[in-house]
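Note that the structure is a prediction, hence the values are computed from the model and not measured.
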Amino acid sequence: MREKILMNTGYKFIAEDIANPPSFGHKETYMMSKSVRGRGPASPSYYDSDWADVVLPHDYVIDGEYAPEHNGPHGSLHRDNAWYRRQFALDSTDADKKLSLIFEGVGKNTQIWINGHLMGSNSSMYNTFEIDFTAVAKVPGINTLAVYINNADFEGWWYEGAGIYRNVWLLKTNSLRLNWWNNYIHSEHIKDNDFKVYANGVLENYSATDRDLTLKFYIKESKNTVELGQFNVTVPANDFLSYEESFDFAHATRWSPDHPFLYHLTIAVVEDGTVIDELDTNIGFRTIEFTPNHGIFINDQPLKLKGVCIHQDHGSLGVAVPAAVEEYRIKKLKEMGANAYRCAHNNPSINILDLCDKYGLVVIDENRWFETSRDAFSQIESMVKRDRNHPSVIAWSAGNEEPTQSTVVGKHILEEIKMHIKRFDRSRPVTLALNGGFYGSHASHASDVLSINYAINYYDKSHEIHSDKCILVTEAAAASTIRGVYFPDDTSSKLTAYDEHFPTFGGSFRHFWQEVDTRDHIAGIFYWTGIEYRGESTYPQLIAAGGGLDSCCFEKENFYLLQAFWKDEPILHVFPHWNLIGHEGDTIKVMTYSNLDEVEIIVNGASAGKQAVNKYDQNEWNIAYEPGELIAIGYKDGSELKRVTLKTTKTATNIHIVADNKANFEGVAILRVYATDIDGLFVPDCAIAIDHQIENGVLLGSSNGNPLDHTPVKSSTHNLHAGLLQIIAKQTSKDAPLKVTVSTAFMTAELVDDFYSVAAKQVPSLVTKDKLDLDGFRVWAPSVDTDVIARVNYNDMNTSFPFKFGTDSIADIFSNSAGMAKYTTQILVPNYVGNKNISIVIDGVHGDTSIYIAHADNPWPGSQPRKPHSTQLLQFDDPHGGNITVPLKHFFKNEKIVVHIINNDKITGRIYWSLNPQPTTEA
């Protein structure tokens, strides 16, 4: 059966380039031209014990230091190149299986090495890719994965981070399997709630015989399972077989944003009565129609898209966002009233689409590169094949604001991208988010749906010209606000929490919603943005301060504005808070966001007036500030329906820490820290420093949501901003609960809880610290007069043979193995950190043995030259299957040496470096 196992633990990491020494001579050049050409960190025998231990998802850029010389649009952080390494075991039960690694997101430019073989490369951070390593797998044995990341270029004008920042999976399947990339499930409405289900896919037979199988199809929902049908097929040996099946499914419960009902379609492969493979796909039954005059209809019901654009980073985590945090973000968007999600400007994590399916947000899934290159088309194919089964995905976006959009070149690029997408999915429209060229016969004409960024003045004329197209506002407002700031002089950015700061091309959230909501031919809006994101800013500001939620997903004032626009339940919100110390007597703009009929403001018992709610501009009062109490009363049909009270608080006397999420398979806790006064009131302007300590867990990051805060995300001390701090921690294991203690000089609080539900199964981590194989040995024909010291022709690739200690046997190589066999290699001494004793250890030695070690002809390719060259000769009597340990003398790290071994019987064990040597055997 198919096994898909998470492989997120046990990685070694270093954020730097490690130069390989130059090649000298025929042998090195020759071997570098062969399949096992991994050197340095790409080699299985590379010494990585001094590297950092990391767990995925991992973004190493976010841990850097902010500086003005670093690129502001990229978050004012430096972006190094880096290496990851990990070892994992395969056992005899994995023989004859297909083996691959699935990388959900790595970047930017990535090389994947397995057991010294370059197995693949990828040039984008955002697409998912799979590496089949069956051919080079050691089964049974220890396998080494090495991942090199090169950030010489970039893909976006926002914070991108870098690293293996999404999940990695080990996939094991039968040699006869379903190809998950080609699994395409879609439906066609017949009548009422009856649908035709189409299941297309590919069976792959990697065995040497024809295979007779039965394909079975089921649909499951909660407690019920319906068998759709089954078919007998024969898959030829070493070949693929495509299938296209269709089934009738009656009385379906439909998927919609208000009722996101999901089914599970299972395809089982049965051979001789045994299920040998199975794929399970979440599906939803819905109809969708894009109309030019009345927008979008889902299940024949009009749906005004209330959408947001989202970048994938979160607060203190950068782009390494665990599934639990992604779920927290999606739930906050739904709480805000959103029903639509635009991926900006790349295809998202798999989990994001699962969550949009689950919670009911429709998605515009966006491609990163607006190109027709083979590489770009490969990324598009990955996006479409991976995401096309999600009911939440309603459209594909070919790109965003491309300079060629107003030219015939842009039209041709879009036409080719659209054609490529529709090779894999013809059920959804393809669009391009435009910031120009709305009228001309260029990219706008090639788009199935016309997508306009900002450009309010172009809505109506565009509708006239493109009278056959549905129109979406794919970016709107770009208004910037900072949570909890109400006076421009309080920050260097001069931004406040009021919805009044926006660029010349943008506008307020209020203005854009009015323009969209009052036009039936505009299908919906996507605000820029729903959640603040790092980058696209100028130092010292680190975060683009848009959105209804700050970078930690704490509510900003515009969160409540969108609730007032988008939700049916009664909404009443008033701001600013009433701790405006230092502004006594100043005129304060008090605003309310509400969807009620009228709002009245009362200050210290006196009414400041009642106003009819302005649906779009909302309401404001100019009030002279005096400490005390401000009350907002909302009325519906003349009667009070909702009341909000703000009070001037006293100094903070208590701090609190609470969880904003529940237990999950990752053990991730999202914690909120805040302060209250002696009366138990939240202190909204508190900015005290908070120390935090974690037991039975690790800190993933901490942030207060202030775009101008430069505190490192892994610091153990952070200030509250506008009364709040977010700490994200990961519980070490389910054996002990997570404990987080927060404190100041006079206040302490702690949280102790178990954040693991059922821990996800992981590929076991292997600890091989300070022991690594010596590779590259060649064996020469046994002879009675073999000289251990005599140099051989290391360039001779035909007389000697490759030899792997621990697996290879002399008897399998030479017909006559009598005499002394000679084993030789040229190798670098491990480049360890600090001062260490280092030895060569040979396990399982039978027979008399001699070992000769000397500097190679070019011994210092990666270290400082020294003279004279050194040699070392040791001779050992037969240890009868025991081990031999040879401490190195006069040889130092990163020096190239030759190692000669002669033996008159056999060596059955490994030969490896030891940096924690055992007592030596006497010579």
Pair Arg2, Glu278 - check salt bridge (Lys or Arg N to Asp or Glu O under 4.0 Å), show working.
CA-CA 7 Å; Arg2 176 177 299 250; Glu278 197 171 77; over 6 Å; no
Any side-chain heavy-atom pair of [X] and [Y] under 4.5 Å:
X: Leu353; Y: Pro348; answer: yes
X: Trp181; Y: Val202; answer: no
X: Asn435; Y: Tyr454; answer: no
X: Ile310; Y: Ile352; answer: no

Within 45° of the axis and under 6.0 Å from the centre of the six-membered ring of Tyr206, does NZ or CZ of Lys98 qualify?
yes
Axial cation check for Trp51 ring with Lys12, 6.0 Å and 45° limits
no
Please determine, by modelled atom types, if [X] and [Y] share a side-chain donor-acceptor pair under 3.5 angstrom.
X: Asn453; Y: Glu401; value: yes
X: Asn167; Y: Asn8; value: yes
X: His314; Y: Arg329; value: yes
X: Ser100; Y: Asp132; value: no
X: Tyr126; Y: Asn367; value: no
X: Trp169; Y: Glu104; value: yes
X: Asp425; Y: Trp396; value: yes
X: Gln312; Y: Ser349; value: no
X: Arg386; Y: Thr128; value: yes

Looking at [Y], is its backbone amide N or carbonyl O close enough to the side chain of [X] to form a donor-acceptor pair, meaning the two atoms are under 3.5 Å apart?
X: Glu155; Y: Met125; answer: yes
X: Lys138; Y: Leu90; answer: no
X: Asn661; Y: Val668; answer: yes
X: Asn143; Y: Ala89; answer: no
X: Tyr159; Y: Ile62; answer: yes
X: Asn150; Y: Asn81; answer: no
X: Ser447; Y: Thr431; answer: no
X: Glu666; Y: Ala324; answer: yes
X: Asp313; Y: Tyr533; answer: no

Salt bridge (Lys or Arg N to Asp or Glu O under 4.0 Å) for Asp277 and Arg177? Distances and angles first, verdict last.
CA-CA 6 Å; Asp277 197 16; Arg177 68 176 186 177; over 6 Å; no
Side chain to side chain contact (heavy atoms under 4.5 Å, CB included) between Met383 and Arg388, intermediate numbers included:
CA-CA 8 Å; Met383 175 183 75; Arg388 60 189 172 181; over 6 Å; no
Which pair of non-hydrogen atoms, one from Ala42 and one from Trp113, has the smallest distance, and what is that distance?
CB-CD2, 3.5 Å
Heavy-atom pair with the smallest gap, counting every atom of Val61 and Leu77
O-CD1, 3.6 Å
Are there more than 12 heavy atoms of other residues, nucleotides or ligands under 6.0 Å from atom [atom1] of [X]?
X: Glu244; atom1: CD; result: no
X: Lys761; atom1: NZ; result: no
X: Tyr359; atom1: OH; result: yes

Determine whether the aromatic ring centres of residues [Y] and [X] are separated by less than 6.0 angstrom.
X: Tyr263; Y: Phe285; result: yes
X: Phe13; Y: His58; result: yes
X: Phe88; Y: Phe133; result: yes

Checking Lys469, Arg428, Lys422 against Asp448 for salt bridge (Lys or Arg N to Asp or Glu O under 4.0 Å), the one that qualifies is Lys422
Any chance you could lay out the side chain to side chain contact (heavy atoms under 4.5 Å, CB included) test for Asn122 and Phe103, step after step, and finish with the verdict?
CA-CA 10 Å; Asn122 193 64; Phe103 294 86; over 6 Å; no
Report the C-alpha separation of Glu475 and Arg342 in whole Å, then their side-chain angles, then the decisive distance to 0.1 Å, and conclude whether the salt bridge (Lys or Arg N to Asp or Glu O under 4.0 Å) test is met.
CA-CA 9 Å; Glu475 287 185 25; Arg342 178 182 172 220; 3.1 Å; yes
